[in-house]
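Accompanying notes for the structure given below.
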Amino acid sequence: QVQLVESGGGLVEAGDSLRLTCEISGETSGVHTMAWFRQAPGKEREFAAAISWSSVRTKYGDSAKGRFDISRDSLKHTVSLQMNSLEIEDTAVYYCAAREKYIDTVSVTQSDYIYWGQGTQVTVSS
């Protein structure tokens, strides 16, 4: 079993930066491809970014390209999402998710991720 706990959300102004962190625990915590999804009020959850468990592959959603950066620290068993130039439209609950162990390909599809965190709120004000 894998547990995911997000942190780092908060209230920021447009143009600010924010760094989200997902702590991964469990006996296979270092061998999962990880992703960040987000869900804005009244909208469906959407893909933001993903990183393979080898860190070789990354992928970003259209809204994240050029502004967000996903990374992982295999020793600390954490995955981070650095978000820069935040916009009001980035306001959402951000979820950390993990694929089944040893799958080293990234995916934008929610159903490919079997472990989910509780989410952390990011609010961007004007």
Euclidean distance, E23 CD relative to K76 NZ, rounded to 0.5 Å
10.0 Å
For F68, enumerate each residue passing the ring-ring contact (aromatic ring centres under 6.0 Å, His included) test, keeping only those at least two apart in sequence or located in another chain.
none
Check whether Q118 reaches the backbone of V5 with its side chain - one donor and one acceptor, N or O, closer than 3.5 Å.
no
Scanning both residues in full, the closest heavy-atom pair of K43 with Q39 reads O-NE2, 3.1 Å
Heavy-atom closest pair, residues Y94 and M83
CE2-SD, 3.7 Å
Side chain proximity check, D90 to V122, heavy atoms < 4.5 angstrom
no
Heavy-atom pair with the smallest gap, counting every atom of R67 and S85:
NH1-O, 3.0 Å
Please check if Y95 and L81 belong to a single hydrophobic cluster, counting links between Ile, Leu, Val, Met, Phe, Trp and Tyr side chain heavy atoms closer than 4.5 Å.
no
According to ring-ring contact (aromatic ring centres under 6.0 Å, His included), who are the partners of F37, at least two apart in sequence or on a separate chain?
F47, Y113, W116
When rounded to the nearest 0.5 angstrom, what distance separates SG in C96 from CG in L20?
9.5 Å
Nearest heavy-atom approach of S107 to A50 is O-CB, 4.2 Å
To the nearest 0.5 Å, what is the distance between OG (S63) and CD (E89)?
10.0 Å
Let me know which of T105, D104, T33 forms a side-chain hydrogen bond (donor to acceptor under 3.5 Å, both in side chains) with R57.
D104
Roughly how far apart are I70 CD1 and Q82 CD, rounded to 0.5 Å?
12.0 Å
State, to 0.1 Å, how close I88 and S126 come at their nearest heavy-atom pair, and which atoms those are.
CD1-CB, 3.5 Å
So, taking the atom named CZ in R72 and the one named SG in C22, what distance separates them when rounded to the nearest 0.5 Å?
9.5 Å
Would you say I103 and W53 make side-chain contact, with heavy atoms under 4.5 Å?
no
Let me confirm one number: the CE-CD1 distance from M34 to I51, rounded to the nearest 0.5 Å.
10.0 Å
Whether the side chain of T91 engages the backbone of V124 through a donor-acceptor N/O pair (distance < 3.5 Å, no angle test) should be reported.
yes
Side-chain touch V106/T58, heavy atoms, less than 4.5 angstrom
no
